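Everything numeric here is computed off the predicted structure, so don't read it as measured data. Per chain, numbering begins at 1; letters A, B, ... match sequence-line order.
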2 protein chains.
Amino acid sequence: MKTQLKKGALELCVLAVLARGDSYAYDIVNQLSRSMEISEGTVYPLMRRLQDEAWVNTYLVESSTGPSRKYYRLTPAGETALAAMQTEWREFVSEIDSVLAAPSPTETRLPKES
Amino acid sequence: MKTQLKKGALELCVLAVLARGDSYAYDIVNQLSRSMEISEGTVYPLMRRLQDEAWVNTYLVESSTGPSRKYYRLTPAGETALAAMQTEWREFVSEIDSVLAAPSPTETRLPKES
DNA sequence: GCCACATACCTTGCATTACAAAGTACATGG
DNA sequence: CCATGTACTTTGTAATGCAAGGTATGTGGC
C-alpha cells in the first residue's frame, strides 16, 4: 500500500539528495534506502525524467571499483523545482493532516442532514 | 503534480471522513473539498474499492432535495484499516521529512568517494 | 408545461508512476 | 573462471487520480 503513497514524493527526495551534492543513481538508491524502501527500477526511470525536465545534467566519472558512474548535478531550474516541491509537500501534509484532525461528532455515527 | 502526491492518501481521507459519521459520496467530495482539491471521478471508483475490501457497507436514504443517497458506513474491518493507514501515513511523512532534513555537506557540491 | 439548475449517481479512457524481473557490463578475489 | 559486488538500463504490470461524459431526481422561474 505504501507504494501508492510514494508517488510523487520520490522525485522530491531525489532532488533533495542531489541538493546535498552530485551523485549517481546507484548511490542515490543506497542513500534513500537508509530512510525508506526504494528500488532501482524506480530510480533509473526517474532520473531520465529529471533529465527530460532539465532539472539535472550529467557527467561520467570512472570508478576504480566497477563501471563508470553517471553523476547527476542539479541545474538552477532543478533547484527552483525542488524549492517549489518542498512547499507543495508541506501544503500537502497540512491538507491531509487537517482532514485527519477534523472534529469528530459527539453523537456517534448519525447521518447528517444538509 | 500534486495529483501524484495524492495517490494512496485519498483512501485514508475518505475513511477518516466516514469515521466521523456515515456519509454519501457526493457529500464526502464536498467535505474534502474544504481542505483539498478532489473530483467526483476519483471518489466514486474509490468507494467501490472500499466496498470490495469490505471496509464499508451501504444503505440508501431518500432525500427530499434530490435523488436517493447511497450512504457508506465503516465496518469494523474498515476501522482497523483506517488505524493502520494512519500509522502508515505518519511513518511515511517521517521518512520523507528525514530525507529532506538530512545534513547538507559543508563543502558544496563535491562528488563523494565511496 | 418546460427549462435551467442543483443534487446525486456512475463509467470510460488517459496519464503517471512504483516496482519486479531481467539483462548487460566491469572489476576483484578465491 | 566464476561468484560477488558495482553500476547501468529496459520491459511489462498494477494502481489510482482525473477529465469528460452520461443518467436521473427535485425545485423554482417563466
Checklist entry - C/dT17 P sits how many Å from B/Leu5 CG, rounded? => result 10 Å
Checklist entry - Which whole-number value in Å describes the distance from A/Met85 CE to C/dT17 P? => result 9 Å
Checklist entry - How are the rings of A/Tyr59 and A/Tyr71 set relative to one another: parallel (under 30°), tilted (30 to 60°) or perpendicular (over 60°)? => result parallel
Next on the checklist: Quick check on side-chain contact (heavy atoms from CB on, under 4.5 Å): which of A/Asp27, A/Val17, A/Val56 does A/Tyr72 satisfy it with?
Outcome noted: A/Val56
Item to check | Distance below 4.0 Å between B/Tyr44 side-chain N/O and C/dC9 OP1 or OP2 | outcome: yes
Checklist entry - Between B/Tyr71 (OH) and C/dT7 (C1'), how many Å, whole number? => result 12 Å
Next on the checklist: Each nucleotide in nucleotides 18-30 of chain C should get exactly one letter: B, S or -. Can you fill that in based on protein heavy atoms under 4.0 Å?
Outcome noted: SBB-----BSS--
Checklist entry - How close or far is atom C1' of C/dA6 from atom CZ of B/Arg69, stated in whole angstroms? => result 12 Å
Checklist entry - Do other residues, nucleotides or ligands put more than 12 heavy atoms under 6.0 Å from the CD atom of A/Gln51? => result yes
Checklist entry - Below 4.5 Å, heavy atoms only, C-beta onward: do A/Leu32 and A/Val14 meet side chain to side chain? => result yes
Next on the checklist: With side-chain contact (heavy atoms from CB on, under 4.5 Å) as the criterion, how do B/Tyr26 and B/Glu40 come out once you've worked through the C-alpha distance, each side chain's angles and the decisive distance to 0.1 Å?
Outcome noted: CA-CA 7 Å; B/Tyr26 188 86; B/Glu40 286 195 6; 3.6 Å; yes
Checklist entry - Thinking salt bridges, do B/Glu91 and A/Lys2 make one under a 4.0 Å N-O criterion? => result yes
Checklist outcome for this item: note: B/Leu50, atom CG; D/dG17, atom C1'; distance rounded to Å ~ 14 Å
Checklist entry - For the pair made of CG in B/Asp52 and C1' in C/dC10, what is the distance, rounded to whole Å? => result 15 Å
Checklist entry - To the nearest Å, how far apart are B/Arg48 CZ and D/dA15 P? => result 17 Å
Item to check | A/Tyr24 side-chain N/O to D/dA7 phosphate OP1/OP2 under 4.0 Å | outcome: yes
Next on the checklist: Expressed as a whole number of angstroms, how long is the span from B/Asn30:CG to C/dA6:C1'?
Outcome noted: 11 Å
